[in-house]
Enquirer: 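Handing you this structure, nothing more for now.
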Amino acid sequence: SITLSAGTVVTATIADLILRSGLDSTDGTGSMTLDGTLQTPAAGKTVTLDLNDEQGATQNTTTGRILAPNLRLLSNSTNTASFSLLAGTRNDVDVIAASTSGFVRYSDLDDLTIGSIAASSGIAALAGITTVNSVTEGAAVAITANGSLTANQPIRTSPSAAAGSLVVGTVDLQSTTSSISITDNADIFADGAVSFTAAGGIQTAGEVTTSNDNVTYNSAVTLTGAVAIDTNTGVGTITFNSTVDGSENLQLTAGTGNIDFNASVGQTTRLDQLRIVSVTNATFDQAVSAESILQDAGSGTTTFTGMINTNTVSGVNITGTNLVLNGGVTTTAAGVLTSSLTGTATVGGSTSNIVNGAVSVNADSGITINAAATLTSPATILLKSANGSITLLPSVLVTSSAANVVFEAEDSITLSAGTVVTATIADLILRSGLDSTDGTGSMTLDGTLQTPAAGKTVTLELSDEHEATQNTTTGRILAPNL
C-alpha cells in the first residue's frame, strides 16, 4: 500500500507526480490511502494513480486533496481496483481520464473536463473514461463538478463485446452549480443506468447506449447536435424530467421500456425530427414542437397531453398500438397526421386539431373523438378502424375544405347529436361492416352530414351488415346527392 496521512503534501513543482501500488503482484494488498495532498501545479502536468490489479484508492473527504492540471487513473484485471476520490471542495483538476477495471468516483472544486491527457513520463496517452480494462463486468462512473462539467471524450462501462451480467456499470454525471456539456465525441456506453443532473442545464450532442437500463435527464436539456438514446430491446426507460429544446434531431429507442417527457418539448427552440424507434408507453405531459414527430413502433399507449405543433410536410406519423391526443394538433407546411395502430385512437374533448395536410388515422380496435373536439384539413380526412368502431361524441366538428371525408369501420359508425361532418367541395363517404359477416356494422347518424358543393354526394355503405338510423330531431343529411 501507499499511505499519505492527513497533512502530508507531495509536490512535483514543474513535472509529473506518479503513484503506483500493487507492483507485479496478485496478493490483493496494493491499495492507496490518500488523506494528504498531491500536487503538480505546472501547466500540462499530470498526477497519475496506478493501482495495477490490486485494491482501491480512497481519499479522506476533509483532509485529502489533488491539485493538478490533469488526473490520470489506471487499474486492470480486477473490479476491486477502484477509485473513490470524493474530497469535492478540495480536489481541483482541470482534466480527468481513466482506464480502470473498477469504479471511478470523483468530485471536484470547480470546472472539470472528461477529456484527453497526453503521453508523459513513459505513460501512454489516455482519453475519456473506461471501467472495463481487462474485466468482463463494467464498474460505475460517478463524476461531480462544483462548477461546469464538460465531457468531450467517451465514457464506457459496458464491455465492447456484450453487456455484463451484473448491470453495475452505472454512469452519474452532476454539476452542482453550473451546466453539463456533452460533445458529439462523448458518447456513453453503459452497463447500468445513466443519469445527468445540472443546476444550469444540460447541453448535449452525445449519444447514450445502455444494456436495458434507464437513462434519466433530471435537468433542462438543450440539444447542440443530433442525439440518439438507445436502451436496447429490454426494459430501459428514457426520462426527461425538465424541458427539452434545440433545433436538432432526437432519436429514442426504449425497447420494452417507457419514454417519459415530464415537461415541455421544443417550446423555446423547436426540435428537428423527434423520432421514437421503439417503446411500450410514451408519455408527453406538456406541449411538443418539432419539425416532425415519428414513431416507428409502440406496444402500449402513446399519450400527448399538451398541444403538438409541427412545421414540415412529414407532420405527425405514429405507428404502434394506442394513441391518445389530449392537447390538440397543429401542422403547417402541408404536414400530415397519420397513424397505423393495432389498438385505439382517442382525440381529447374540446381540442383543436388543425392539420395542413392529409389526415389518415388507422386504428384497428376503434377511434373515438370526444365531445366538442374539432378536426379540420384542406386535404383528405380518412378515419378507419379495420376491427372496431368509429365514435364521434356530441358537438364534434370534422371538416375538409377541399377533399373527401371518409369514415370506414368494421363495426359501427356513430355520430352523436350536435356533431357536424363536412366535405366542403368534395364527397363524404361512410362505410361500415368492412369485410365482415358478424352483423355488427351499423350506423347511428344523430348529427349532421353535409357536402354542399354542386354535384357532390354523401354515400352511406353498410356492406352486408346492420342498418343505418337517424335521430329525427338531431340527425341531418345535406347534399346534392345521397
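Values below: all heavy atoms of this structure, side chains included; hydrogens, waters and symmetry mates excluded.
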Enquirer: Looking only at the side chains, is there a donor atom on one of Ser148 and Ser175 sitting less than 3.5 Å from an acceptor on the other?
Expert: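 Result is no, nothing qualifies.
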Enquirer: Can you tell me how far apart CG (Leu294) and CD1 (Ile276) are? Round to the nearest 0.5 Å.
Expert: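 Atom-to-atom, Leu294:CG and Ile276:CD1 are 9.0 Å apart.
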Enquirer: Compare every heavy atom of Gly192 with every heavy atom of Ser211, then report the nearest pair and how far apart it is.
Expert: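 Closest pair (atom of Ser211, atom of Gly192, distance): OG-N, 4.2 Å.
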Enquirer: Got Arg156 and Val141 here, is their nearest side-chain heavy-atom distance under 4.5 Å?
Expert: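 They are not in contact (no side-chain heavy atoms under 4.5 Å apart), so the answer is no.
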Enquirer: Which value, rounded to the nearest 0.5 Å, describes the distance between Asp230 atom CG and Leu252 atom CG?
Expert: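 Here the rounded value is 10.0 Å.
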Enquirer: Checking Asn471 side chain against Gly447 main chain: does a donor-acceptor pair fall under 3.5 Å?
Expert: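 Looks like no, no N/O pair under 3.5 Å.
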Enquirer: Yes or no on side chain to side chain contact (heavy atoms under 4.5 Å, CB included) for Ile143 and Leu112, after CA distance, side-chain angles and deciding distance?
Expert: CA-CA 9 Å; Ile143 306 294; Leu112 177 67; 3.5 Å; yes
Enquirer: Enumerate the residue pairs fulfilling salt bridge (Lys or Arg N to Asp or Glu O under 4.0 Å) with a member in residues 367-387, sequence neighbours excluded, ordered by first and then second residue.
Expert: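 Passing the test, one end in residues 367-387: Lys384-Glu408.
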Enquirer: Test your reading of the model: is there a side-chain donor-acceptor pair from Asn91 to the backbone of Ser107, 3.5 Å cut-off?
Expert: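 Such a contact is found between Asn91 side chain and Ser107 backbone.
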Enquirer: Would you check if Arg431 and Val406 make a side-chain contact, meaning some heavy-atom pair closer than 4.5 Å?
Expert: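 SC-SC contact between Arg431 and Val406 confirmed.
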Enquirer: Answer with yes or no whether the side chains of Ser289 and Gln267 bring together a donor and an acceptor at under 3.5 Å.
Expert: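 Yes, side-chain donor-acceptor contact under 3.5 Å.
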Enquirer: Would a distance-only check, ignoring hydrogens and angles, find a side-chain to backbone donor-acceptor pair under 3.5 Å from Asn481 to Lys456?
Expert: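 Yes, the answer is positive, given that a donor and an acceptor are paired below the 3.5 Å cut-off.
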Enquirer: Ignoring hydrogens, what is the shortest heavy-atom contact between Ile425 and Ala453? Give both atom names and the distance.
Expert: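 Looking at all heavy atoms of both residues, the shortest contact is CA-CB, 3.6 Å.
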Enquirer: Would you mind reporting whether Thr100 and Asn133 have side-chain heavy atoms less than 4.5 Å apart?
Expert: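 Sidechains of Thr100 and Asn133: no contact.
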Enquirer: Under a 3.5 Å threshold, yes or no: a donor from one side chain and an acceptor from the other, between Thr197 and Asn218?
Expert: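 There is such a pair between these side chains.
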Enquirer: State whether a side-chain donor-acceptor pair under 3.5 Å links Gln450 with Thr422.
Expert: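 Thr422 and Gln450 do have a side-chain donor-acceptor pair below 3.5 Å.
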Enquirer: Under a plain distance cut-off of 3.5 Å, with no hydrogens placed, do Ser116 and Gln153 share a side-chain donor-acceptor pair?
Expert: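 The answer is yes; a qualifying pair exists.
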Enquirer: Could you go through the side chain to side chain donor-acceptor pair (under 3.5 Å) check for Thr176 and Asn146 one step at a time?
Expert: CA-CA 5 Å; Thr176 61; Asn146 291 299; 2.7 Å; yes
Enquirer: Test side chain to side chain contact (heavy atoms under 4.5 Å, CB included) on Leu415 and Leu449; report intermediate values, then the result.
Expert: CA-CA 9 Å; Leu415 274 62; Leu449 298 172; 3.3 Å; yes
Enquirer: Do any N or O atoms from the side chain of Ser412 and from the backbone of Thr414 form a donor-acceptor pair under 3.5 angstrom?
Expert: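 Pair absent, no side-chain N/O of Ser412 close to backbone of Thr414.
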Enquirer: In the structure I gave you, are the side-chain heavy atoms of Thr204 and Val221 within less than 4.5 Å of one another anywhere?
Expert: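 They are in side-chain contact.
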Enquirer: Is the closest side-chain donor-acceptor distance between Thr150 and Asn152 under 3.5 Å?
Expert: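 Asn152 and Thr150 do not have a side-chain donor-acceptor pair below 3.5 Å.
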Enquirer: Would you check, one step at a time, whether the test side chain to side chain donor-acceptor pair (under 3.5 Å) holds for Asn241 with Asn262?
Expert: CA-CA 5 Å; Asn241 283 321; Asn262 294 321; 2.8 Å; yes
Enquirer: Where do Asn249 and Leu223 come nearest, in terms of heavy atoms and distance?
Expert: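 Minimum heavy-atom separation between Asn249 and Leu223: O-CD1, 4.2 Å.
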Enquirer: State whether the side chain of Thr231 and the backbone N or O of Gly236 hold a donor-acceptor pair below 3.5 Å, judged by distance alone.
Expert: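 Checking the backbone N and O of Gly236 against the side chain of Thr231, a donor-acceptor pair under 3.5 Å is found.
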Enquirer: Answer yes or no: is there a donor N or O on one side and an acceptor on the other, between the side chain of Arg275 and the main chain of Thr253, under 3.5 Å?
Expert: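 Checked: no pair found.
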Enquirer: Does the Asp245 side chain pair with the main chain of Thr269, one donor and one acceptor, at a distance under 3.5 Å?
Expert: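 Judged by distance alone, yes, a pair lies under 3.5 Å.
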Enquirer: Do the side-chain N and O atoms of Asn281 and Thr283 include a donor-acceptor pair separated by under 3.5 angstrom?
Expert: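 There is no such pair between these side chains.
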Enquirer: Looking only at non-hydrogen atoms, find the nearest pair between Glu248 and Ala226 and report the distance.
Expert: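 In this case the closest contact between Glu248 and Ala226 is OE1-N, 3.5 Å.
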Enquirer: Is the shortest side-chain heavy-atom distance between Val316 and Ile308 below 4.5 Å?
Expert: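 Val316 reaches Ile308 side chain to side chain.
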Enquirer: Can you tell me how far CD1 of Ile117 sits from OG of Ser99, rounded to the nearest 0.5 angstrom?
Expert: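 Those atoms lie 11.5 Å apart.
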Enquirer: Hey, mind stepping through Tyr106 and Leu73 against side chain to side chain contact (heavy atoms under 4.5 Å, CB included) and telling me if it holds?
Expert: CA-CA 11 Å; Tyr106 177 79; Leu73 306 177; 5.6 Å; no
Enquirer: Drop me the distance from Thr399's OG1 to Leu375's CG, to the nearest 0.5 angstrom.
Expert: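 Answer for the OG1-CG pair, Thr399 versus Leu375, is 8.0 Å.
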Enquirer: Just by distance, do the side chain of Asn185 and the backbone of Pro154 share a donor-acceptor pair under 3.5 Å?
Expert: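 Such a contact is absent between Asn185 side chain and Pro154 backbone.
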Enquirer: Donor-acceptor pairs under 3.5 Å, side chain of residues 336-347 to any protein atom, not counting sequence neighbours: which ones?
Expert:
unit_1	atom_1	unit_2	atom_2	d
Ser339	OG	Asn362	N	3.3
Thr344	OG1	Asn322	OD1	3.3

Enquirer: State, with a plain yes or no, whether a side-chain heavy atom of Leu271 is found less than 4.5 Å away from one of Val265.
Expert: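 In short, these two side chains touch, coming nearer than 4.5 Å.
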Enquirer: Would you name the heavy atoms of Leu173 and Ile180 that are closest together and state the gap between them?
Expert: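 The answer is O-CD1, 3.5 Å.
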Enquirer: Is a side-chain donor-acceptor pair under 3.5 Å present for Thr80 with Thr78?
Expert: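 Judged by distance alone, the side chains do pair up.
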Enquirer: For the backbone of Asp110 and the side chain of Asp108, can you confirm whether one donor and one acceptor N or O come within less than 3.5 Å of each other?
Expert: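 Flag set: sc Asp108 to bb Asp110 pair under 3.5 Å.
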Enquirer: Using the rule given for side chain to side chain contact (heavy atoms under 4.5 Å, CB included), can you reason through Val361 versus Ile367, listing the C-alpha separation, both sets of side-chain angles and the distance that settles it, and then say yes or no?
Expert: CA-CA 8 Å; Val361 176; Ile367 299 169; 4.0 Å; yes
Enquirer: Side-chain contact, heavy-atom cut-off 4.5 Å: Asp213 with Val215?
Expert: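 No, their side chains stay 4.5 Å or more apart.
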Enquirer: Which one of Thr210, Thr157, Asp191, Val208 satisfies the side chain to side chain contact (heavy atoms under 4.5 Å, CB included) criterion with Val171?
Expert: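 The side chain to side chain contact (heavy atoms under 4.5 Å, CB included) with Val171 is passed solely by Thr157 among Thr210, Thr157, Asp191, Val208.
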Enquirer: Please determine which of Val95, Thr183, Ile96 meets the side chain to side chain contact (heavy atoms under 4.5 Å, CB included) test together with Ile114.
Expert: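 Answer to the side chain to side chain contact (heavy atoms under 4.5 Å, CB included) test with Ile114 among Val95, Thr183, Ile96: Ile96.
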Enquirer: Looking only at atom types and distance, does a side-chain atom of Thr351 sit under 3.5 Å from a main-chain N or O of Ala373, one as donor and one as acceptor?
Expert: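 The answer is no, because no donor-acceptor pair under 3.5 Å joins these two groups.
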Enquirer: Supply the atom-to-atom distance Ser292 OG to Asn317 CG, rounded to the nearest 0.5 angstrom.
Expert: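 Rounded to the nearest 0.5 Å, the OG-CG separation comes out at 9.0 Å.
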Enquirer: Looking at every heavy atom in both Thr237 and Asn214, which two are closest together, and how far apart are they?
Expert: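 For Thr237 versus Asn214, the nearest heavy atoms are N-OD1, 2.9 Å.
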Enquirer: Would you call Thr170 and Phe103 a side-chain contact if the rule is heavy atoms closer than 4.5 Å?
Expert: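 Answer no - side chains too far apart.
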Enquirer: Restricting to pairs with a member in residues 272-298, which pass ring pair (Phe, Tyr, Trp, His ring centres under 6.0 Å), not counting sequence neighbours?
Expert: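 Sorted result for residues 272-298: Phe261-Phe284, Phe284-Phe304.
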Enquirer: When you look at Ser101 and Ser75, which way does the side chain to side chain donor-acceptor pair (under 3.5 Å) test go after all the steps?
Expert: CA-CA 6 Å; Ser101 52; Ser75 70; 3.3 Å; yes
Enquirer: Will you find, in the side chains of Thr280 and Thr256, an N or O donor that is under 3.5 Å from an N or O acceptor?
Expert: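 Distance-only check fails for Thr280 and Thr256.
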Enquirer: Rounded to the nearest 0.5 Å, what's the gap from CG on Asp446 to OG1 on Thr419? Could you check?
Expert: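 Spacing of CG (Asp446) from OG1 (Thr419) equals 9.0 Å.
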